[in-house]
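Bear in mind the structure is a predicted one, so any value in this text is a computation, not a measurement. First the proteins, then the strands, lettered A, B, ... as listed; each starts at 1.
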2 protein chains.
Amino acid sequence: MKDVAAHAGVSQSTVSFVLNGMVGMRIAAETRQKVLNAVAELGYRSRGAGRPPNALSKRVIGFMLDEISTSPFAAISIDGAQEEARKHDALLEIVMTGGDPDYEAAALRKWAADGVNGVIYGSILTRKVAPPDMLTRHRAVLLNCYDGTDRYASVVPAERRGGEAATKALLAQGHRKIAFISGEPWMDASRQRKEGFKRAMQKAGLEIDLALVREGNFLPSGGRSATLDLMKSGTRPDAIFCANDLMAVGCYEALKELGERPGETIAVMGYDDQEIAQHLSPALSTVLLPHREMGQWASLVLLDETSRPPVQARMECPVVLRASHG
Amino acid sequence: MKDVAAHAGVSQSTVSFVLNGMVGMRIAAETRQKVLNAVAELGYRSRGAGRPPNALSKRVIGFMLDEISTSPFAAISIDGAQEEARKHDALLEIVMTGGDPDYEAAALRKWAADGVNGVIYGSILTRKVAPPDMLTRHRAVLLNCYDGTDRYASVVPAERRGGEAATKALLAQGHRKIAFISGEPWMDASRQRKEGFKRAMQKAGLEIDLALVREGNFLPSGGRSATLDLMKSGTRPDAIFCANDLMAVGCYEALKELGERPGETIAVMGYDDQEIAQHLSPALSTVLLPHREMGQWASLVLLDETSRPPVQARMECPVVLRASHG
DNA sequence: TTTTATTGCTAATAATAATTAGCAAACTTT
DNA sequence: AAAGTTTGCTAATTATTATTAGCAATAAAA
């Protein structure tokens, strides 16, 4: 900053006043422009040092996420966290780490030096994580993940209860031969949705017919081929519960190729309420994942500065009844 | 930090050494734990002031975006920018602003104080923007937007050339009665894709048949109803060019409902290569939007510290030929 | 003309945290 | 036992930037 001052022919104090637009400090427009020109010409960048401002700076929450582009839900979580941050006049700074521990540590170090108010540590897939050591330097919340300790607060969707509710909605329509197309079995979400399906069927006193259970891949192709397989098996289902909406897209395709009318000749239930669900024909009945609400929750926990013990939360996944489950 | 020192019974110097893990400074494990406990108990947060470290800190790029959850492309841009940042050992910090000028200004102020190396100012829709005044404090790049000046470098997709290439691919298959389902006409992307379609048709010496042009809404429902309308009109198309992939999903639905076989009895071309495109049946031929490459480009411009005049770039949108355009 | 108010800056000081220079105690080697 | 080395800290100083206290020049009012 001293070099900027020399270059502009003013004092270091004046440079500081220009750059920070301090209330009550009058600076001539010409002087101001001279300083800004010098800043640009010299490529001045603050070292983030010096005397801290008197004014309380805006609160800042760091949000660390492993991935963002492979599913729409991370973006929705970000929206939720951002909404609450904005309501509380806080900044949300997001870093995508790709799960790289060195990158995570670097970001956490920067945030410690910046004095952020807390960190949301998020995962795109619902899973158990091993949080980085540096996270202990921050108040932190685990979002869509958990570490199996009570060290940090955490929030995940209540997938079993979601699967149960979706199956109940089909049962309530009188369906009894309900087929289930699962996702990949190594994923928390896939396993738990299936467990919810089973629980609802058992509570209704119905046996699970293994001929009506298929393993899919969470993609339209998996839903389509599983549906084609189901429809040519010996037992015709009266409803198909797909463990995610993308597979329901493929299920719709297969049914239409076979001359069926989803929602009329056979019911379809999806899961995760992707944007496309409401735009399918007929509009898909599904289960809403609470990613927005979980993001909001995470922000609120960090913005609430009273001292509370960490909570491990499971958030409800409400059923969204449209036109395909009848 | 003085309070932490007092609480832990050590000097301020020791607290600094503990928190920064300085190379060559030996601290006993017990002392270290006492300091970390005091930090946690007192909720110490750095004011971001004091003496700047000798070591050059990691470079940091700020990435400011208006929205993220309403389309998958922003996330892909982030991935691109992130990849290049990581390759160059830089941190990428992302802030979602919702287009709020005050929020933008607050983030830019924080970044000026942090001394970030540059700012990517991005927009989820391709459009003309009015960058915030505070952006002049930073080296900056406009991503998927432009401001009509040469003040900042900018990059947008070459939508016209993309629309042209897609139409050419259909023409190359012998299609001559090509229908076009546009998006909403106020959007840059929608207008330019249609202009590319027209240009290719004119270059091929073909008249545009207005009976084969429909306005859609960029959603599956728009594609479905436009397709049903087209198929019952007097002129049967041999190909349908949908101005985005979501409308192509709806187009497929309508065609299958009518007993058609996309890619066999009638060709379909999408645009924007959403993830779902490759998983449809048949796999959708489409045009790839260069969001990842644009993100990479933006990062590279900021990480390149040689002085160059700002460039206004238009990035190619390559055709992705799968199974639906034949 | 004299007095008062306004404008626009600077020198000096202040606020944090990083680093240097040094020291005392404990341990190891001769 | 004496000399040399290692360990683990502290006091003092340093590096950057923000703010206070004050002043000189100019403009406006009496």
Side-chain angles (χ1 to χ4, degrees), chain A residues 1-39 42-58 60 108-117 134 137-138, chain B residues 1-39 42-58 60 106 108-117 137-138:
Chain A
M1 197 181 263
K2 284 206 190 94
D3 292 344
V4 170
H7 199 266
V10 298
S11 70
Q12 177 262 317
S13 307
T14 300
V15 175
S16 189
F17 292 128
V18 169
L19 293 187
N20 292 294
M22 187 173 174
V23 177
M25 189 69 209
R26 299 168 304 264
I27 306 278
E30 181 187 330
T31 305
R32 191 164 191 285
Q33 197 57 54
K34 277 200 297 191
V35 171
L36 292 177
N37 289 344
V39 164
L42 297 186
Y44 165 74
R45 286 177 25 236
S46 166
R47 296 287 300 278
R51 175 177 165 162
N54 289 339
L56 277 187
S57 53
K58 220 169 187 39
V60 182
L108 291 169
R109 258 192 312 267
K110 179 175 186 291
W111 282 339
D114 286 357
V116 298
N117 297 68
M134 273 289 305
R137 284 289 305 283
H138 298 274
Chain B
M1 197 180 264
K2 285 207 191 93
D3 292 343
V4 170
H7 199 263
V10 299
S11 70
Q12 178 261 317
S13 306
T14 301
V15 173
S16 187
F17 292 128
V18 169
L19 293 187
N20 291 293
M22 187 173 172
V23 177
M25 191 67 208
R26 300 167 303 264
I27 306 279
E30 182 187 331
T31 305
R32 192 166 189 284
Q33 196 57 54
K34 276 198 298 190
V35 170
L36 292 177
N37 290 343
V39 164
L42 297 186
Y44 166 75
R45 285 178 25 238
S46 167
R47 296 288 298 278
R51 176 177 163 163
N54 288 342
L56 279 188
S57 54
K58 217 169 188 50
V60 182
L108 290 169
R109 261 193 309 269
K110 179 175 185 292
W111 282 339
D114 287 356
V116 298
N117 295 69
R137 284 286 308 281
H138 297 274

Taken to the nearest whole Å, CZ/B/Arg109 to P/D/dT17 is 18 Å

In terms of side-chain heavy atoms, does B/Thr14 have a donor or acceptor partner in B/Ser11 at a distance below 3.5 Å?
-> yes

Note: B/Ala106 and A/Lys58 closest approach over all heavy atoms is CB-CE, 3.4 Å

Does any donor-acceptor pair link the side chain of B/Ser11 with the base of D/dA11 at a separation under 3.5 Å? no

From the candidates D/dT19, C/dT10, D/dA18, the one with an atom nearest any side-chain atom of A/Gln12 is D/dA18

Applying side chain to side chain contact (heavy atoms under 4.5 Å, CB included) to A/Asp3 and not counting sequence neighbours gives A/Leu42

Atom CE of A/Met1 and atom C1' of C/dT10 are separated, to the nearest Å, by 15 Å

Picking from C/dA14, C/dA18, D/dT7, the nucleotide nearest the side-chain atoms of B/Arg26 would be D/dT7

From the candidates C/dG8, D/dT17, C/dA17, the one with an atom nearest any side-chain atom of A/Ala28 is C/dG8

Which of D/dG8, D/dT17, C/dA15 is nearest the side chain of A/Pro52? It is C/dA15

DNA chain D nearest-nucleotide lookup for B/Ala29 and B/Arg51: closer to the 5′ end is B/Ala29

In terms of heavy-atom contacts, B/Pro53 and A/Arg47 come closest through O-NH2, 3.0 Å

So does A/Thr31 get a side-chain nitrogen or oxygen closer than 4.0 Å to the phosphate oxygens (OP1/OP2) of C/dC9?
yes

B/Asn20 atom CG is separated from C/dA18 atom P, nearest whole Å, by 4 Å

Of C/dT19, D/dT20, D/dT17, the nucleotide closest to the side chain of B/Ser16 is C/dT19

DNA chain C nearest-nucleotide lookup for B/Thr14 and B/Gly50: closer to the 5′ end is B/Gly50

From CZ of A/Phe17 across to C1' of C/dT10 the rounded distance in Å is 9 Å

>> Between B/His138 (side chain only) and B/Val116 (backbone N and O only), is there a donor and an acceptor less than 3.5 Å apart?
In response: no

Rounded to whole Å, CZ of A/Arg47 lies from P of C/dA15 at a distance of 23 Å

Q.
Does C/dT16 have its OP1 or OP2 closer than 4.0 Å to a side-chain nitrogen or oxygen of B/Tyr44?
A. no

